[in-house]
Number of protein chains: 2
Amino acid sequence: MNAGLEALRSQGRRLTPQRQLVYGALLDHPGHATADDLFAGLARRLPGIQRTTVYRTLDLLVEVGLARTVRLGRSTSYEPVREGVESHQHLVCDQCGSTADVGLPALFDRVRSAAEAVGYQVSRIDLVAHGTCAGCAAAGPATGLGR
Amino acid sequence: MNAGLEALRSQGRRLTPQRQLVYGALLDHPGHATADDLFAGLARRLPGIQRTTVYRTLDLLVEVGLARTVRLGRSTSYEPVREGVESHQHLVCDQCGSTADVGLPALFDRVRSAAEAVGYQVSRIDLVAHGTCAGCAAAGPATGLGR
DNA sequence: TTTTCTGCAAATCTTTTGCACCACG
DNA sequence: CGTGGTGCAAAAGATTTGCAGAAAA
């Protein structure tokens, strides 16, 4: 299950229970999670774990290619890298804050072409679309007026 | 020139020199700027200005719809909202950190359709493509190996 | 004159770093 | 057993907040 983590050993890194838990929590988390989200969940299972460790582990996972960062809100979020996916699209509801993923398979190629026209060689794409989710649209379109 | 700022008055907000300068600096800044970028530039013209004020003003500009936030690096960036543009695409070079803009006019519609299929009503799209710029690709493709 | 804004200082939140002990391999 | 990893504490960077005086309208 934590098969991906085996990659650590081949790079001289060690496979510790903390790392397994952090990676597992990341895989379990729907969508994406902040370091603190993961820490909160993990603290229950492994009381002694430290925020620092979660940050350092996420950093490591990104370095090794098992995770990637996504910037949505005030703090950095992480999501596991799954095979065959080089592009991620997130939908964010500006009213309730809920998020969802949407797939646009052809997006990557089109952005790559456009970027090459400007001299850039693109390796990864993050797209964030803001709007209103079905729930909020139904609940109260009028609610969106005030501030 | 600072015509957009007039909108403030109609909302009961005040048009102060600080706000004019912050908005002006934002308009002048190529691409996007962090609160601190703007503060640094502004401090020269208006020595007494405070970081706090820049933060509060940018917040206000976003609230009024004259600016929007973009999350690229560790800190939040801002860019002015220009008419007729409801989607922004940024290219970021992972090697030198340089950024560029690229236009994909059709992107907005395609994302909107995909999002509607999942029940979302999209109003704005931010896309960040990571890769290598022409300069870095030419300079040293080998440089990218180490860490 | 009446609020709203600004400057200043300090608090808060997120993320990073230094160091000593612990544990994977 | 040796080096890399973790916990702990404290630092660093970004952003927010409380309050009193300054200034738009």
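So that the names make sense, note that chain A is the first sequence line, chain B the second, and so on, each numbered from 1.
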Can you confirm whether more than 12 heavy atoms, excluding those of A:Gln20, are under 6.0 Å from its CD atom? yes

What residue among B:Leu26, B:Leu5, B:Leu60, B:Leu58 forms side chain to side chain contact (heavy atoms under 4.5 Å, CB included) with B:Leu66? B:Leu5

Under 4.0 Å between a side-chain N or O of B:Tyr55 and OP1 or OP2 of D:dT16? no

Determine whether any donor atom in the side chain of A:Arg51 lies under 3.5 Å from an acceptor atom in the base of D:dG7, or the reverse, and answer yes or no. no

Between A:Phe39 (CZ) and C:dC13 (P), how many Å, whole number? 15 Å

Whole-Å distance, A:Ile49 CD1 to C:dC22 C1', equals 15 Å

Options C:dC5, D:dT6, C:dT15, nucleotide nearest the side-chain atoms of A:Thr16: D:dT6

Let me know the distance between CZ of B:Arg13 and P of D:dA23, rounded to the nearest Å. 21 Å

Same hydrophobic cluster for A:Tyr55 and A:Leu42, using side-chain heavy-atom links shorter than 4.5 Å among ILVMFWY? no

Looking only at side-chain N and O atoms, does A:Gln50 come under 4.0 Å of OP1 or OP2 in D:dG5? no

If I take atom OH in residue B:Tyr78 and atom P in nucleotide D:dA14, what distance separates them, rounded to the nearest angstrom? 13 Å

With no angle test and no hydrogens, is the base of C:dT3 tied to the side chain of B:Arg14 by a donor-acceptor pair under 3.5 Å? yes

Once you round it to whole Å, what is the distance between C1' of D:dA24 and CG of B:Leu15? 9 Å

What's the closest nucleotide to the B:Thr53 side chain, out of C:dT15, D:dG7, C:dG7? C:dG7

How many Å lie between CD on A:Gln20 and P on D:dG5, as a whole number? 14 Å

Is there a donor and acceptor pair closer than 3.5 Å between the side chain of B:Arg56 and the base of C:dG7? yes

Rounded to whole angstroms, how far apart are CG on A:Leu58 and C1' on D:dG5? 15 Å

side-chain N/O A:Thr52 vs D:dC8 OP1/OP2, d < 4.0 Å: no

In whole angstroms, the gap separating C1' of C:dG7 from CG of B:Leu42 amounts to 15 Å

